[in-house]
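Each remark here refers to the structure printed beneath this line.
Just the heavy atoms: all of them, side chains too, but no hydrogens, waters or symmetry mates, feed the values below. Read the numbers this way: they start at 1 and go in the same order the structure lists the ligands and their atoms.
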Amino acid sequence: MSAPFVLAVPSKGRLQENTEAFFARAGLKLSKAGGARDYRGTIAGLDNVEVAYLSASEIASQLARGFAHLGVTGEDLVRENIADADTRVSLIEGLGFGYADVVVAVPQAWIDVRTMADLDDVTTGFREQHHMRMRVATKFINLTRAFFSSHGIVDYRIVESAGATEGAPAAGAAELIVDITTTGATLAANGLRVLDDGVMLRSQANLVASRDADWSPQARETARVILDHIAARARATKYREVRTRFRQCDAALLGEAHSRFGVETPFGGPTSSGMLTLHCPPGQLYALASFLRDHGAETVSVGSLDYVFDRENPLFAKLETFLRR
Ligand SMILES: Nc1ncnc2c1ncn2[C@@H]1O[C@H](COP(=O)(O)OP(=O)(O)OP(=O)(O)O)[C@@H](O)[C@H]1O
Ligand SMILES: O=P(O)(O)OC[C@H]1O[C@H](OP(=O)(O)OP(=O)(O)O)[C@H](O)[C@@H]1O
Ligand SMILES: [Mg+2]
């Protein structure tokens with residue numbers, strides 16, 4: 001038997017739940033043969049796939065080393081843990097969950113420090129006054145260095161923080177922090193404020209592909225099948241299916257519907273009897289139904305779509321382009 005295709009997914013928390021729900025919606029059911037404590041799983045109906053349950057940061061490292069073909073993890077962890085990330089891995093698609101901003105936050109009491117430029121000014125004064133560099137508590141060491149350097153800030157020192165980073169300033173362990181925030185509640189509770197231009201990265205969970213995995217023809221075919229499921233589901237959620245029939249329907253009317261409402265005609269049409277199937281963005285449904293009735297339709301039905309399988313698979317095309325580079 002050939003080496004398995006490895007899909008790495010988060011092993012705990014909301015990321016795990018959201019990831020499993022995401023694959024399930026795409027028609028890919030992840031299951032752990034040995035129950036919740038098992039860290040190996042399978043995908044129903046897809047032989048030769050091994051699902052590896054790992055911590056989100058470990059997933060980034062495994063992708064960088066080619067130990068997993070595809071994985072789900074946060075962009076923040078990809079950019080922090082993988083040097084030269086864009087050559088080692090490809091962010092195939094943002095998954096719409098795991099949103100978190102990586103931010104620079106300072107004590108609310110620093111009323112004169114609103115921007116990175118203000119921070120630059122105070123770091124210099126701080127060093128002269130205290131004979132030490134200002135301390136930044138974070139676990140995002142590489143992201144912090146790159147961001148501070150892009151703002152020309154050099155008078156600082158990183159204090160590596162393993163957890164509860166927001167508590168570092170009050171504890172006297174650092175002057176400011178770089179950490180992730182979603183609602184802002186933790187920052188506020190710790191008397192901290194994000195600098196106006198202090199959002200370093202807007203992160204979310206991504207489907208990530210590794211360059212250095214063993215991309216045998218069989219592995220590529222497995223990736224194609226997985227990405228085909230995901231693309232079909234993604235396409236389906238962008239549209240509703242609109243059906244109607246009326247004689248007055250013609251190409252000019254469909255052209256107008258396309259430009260006004262973003263409507264697609266997946267099967268061409270209308271047929272000789274005037275039957276028409278359209279795909280319409282959810283926000284334009286009422287406007288479209290009104291337009292069709294104004295032009296002669298008696299009845300317009302709308303249904304949701306589970307999957308739309310296209311010959312083109314933009315996700316697999318992206319993977320292939322990346323592996324060719
Ligand atoms: N409120 C949040 N708290 C923590 N992580 C979040 C939050 N919202 C989104 N995320 C994302 O989840 C990922 C971190 O997940 P998790 O904490 O499970 O991983 P980890 O840091 O590898 O694990 P551990 O904390 O056990 O070391 C990051 O990509 C992060 O951006
Ligand atoms: O802006 P907020 O909505 O307050 O969220 C941000 C906080 O949430 C996370 O911690 P969490 O308690 O999830 O634990 P973790 O660090 O172990 O992931 C993260 O490390 C921040 O501290
Ligand atoms: Mg964590």
N or O contact, [X] vs ligand 1, cut-off under 3.5 Å:
X	result
Glu58	no
Thr73	no
Ala56	yes
Ser57	yes

Run the salt-bridge test on [X] and [Y] with the 4.0 Å N-O cut-off and return the result as yes or no.
X	Y	answer
Arg79	Asp86	yes
Arg224	Glu221	yes
Arg88	Asp212	yes

Distance under 4.0 Å to a non-hydrogen atom of [X]: what atoms of ligand 1 satisfy this?
X	result
Ala100	8 (N), 9 (C), 31 (O)
Tyr99	8 (N), 9 (C)
Ser55	22 (O)
Gly98	9 (C)
Leu15	12 (O), 13 (C), 15 (O)
Gly74	29 (O)

Examine ligand 2 and decide if any of its atoms is less than 4.0 Å from a heavy atom belonging to Gly184. yes
Report, as yes or no, whether the 6.0 Å neighbourhood of atom CD on Glu256 holds more than 12 heavy atoms from other residues, nucleotides or ligands.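 Atom CD in Glu256 is packed in, count exceeds 12.
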N or O contact, Thr186 vs ligand 2, cut-off under 3.5 Å: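 Yes, Thr186 has an N/O under 3.5 Å of an N/O on ligand 2.
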Based purely on interatomic distance, does Lys139 place a nitrogen or oxygen under 3.5 Å from a nitrogen or oxygen of ligand 2? no
Whether the Thr123 and Asp155 side chains hold a donor-acceptor pair (N or O, under 3.5 Å, no angle test) is what I'd like checked.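 Judged by distance alone, the side chains do not pair up.
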Of the side chain and backbone of Lys12, name the one, both, or neither that has a heavy atom under 4.0 Å from an atom of ligand 1.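 Within the 4.0 Å criterion, Lys12 contacts ligand 1 through side-chain atoms alone.
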So, Asp84 side chain and Ile82 main chain: donor-acceptor pair closer than 3.5 Å or not?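 Side chain of Asp84 to backbone of Ile82: no pair is present.
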Using modelled atom types and a 3.5 Å cut-off, is there a donor and acceptor pairing between side-chain atoms of Asn190 and backbone atoms of Leu187? no
Measuring from the heavy atoms of Pro10, does anything fall under 4.0 Å of ligand 1? no
Which of the listed options, Glu166, Lys12, Arg14, holds the heavy atom that is closest to atom 22 (O) of ligand 2?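 Selected option, by shortest heavy-atom distance: Glu166.
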Can you list the ligand 2 atoms lying under 4.0 Å from a non-hydrogen atom of Ile180? 6 (C), 19 (C), 21 (C)
Going through the checks in order, is the side chain to side chain contact (heavy atoms under 4.5 Å, CB included) test met by Leu28 and Phe22? CA-CA 9 Å; Leu28 298 167; Phe22 167 79; over 6 Å; no
So which atom in Thr165 and which in Val178 form the shortest heavy-atom distance, rounded to 0.1 Å? CG2-O, 4.1 Å
For residues 228-236, dump all side-chain donor-acceptor pairs below 3.5 Å to protein atoms at least two apart in sequence or in another chain.
from: His229; atom 1: ND1; to: Val225; atom 2: O; distance (Å): 2.8
from: Arg233; atom 1: NH1; to: Asp306; atom 2: O; distance (Å): 3.3
from: Arg235; atom 1: NH1; to: Asp310; atom 2: OD1; distance (Å): 3.0
from: Arg235; atom 1: NH1; to: Asp310; atom 2: OD2; distance (Å): 2.3

Aromatic Phe23 / basic Lys29 pairing, under 6.0 angstrom, 45° off normal: no
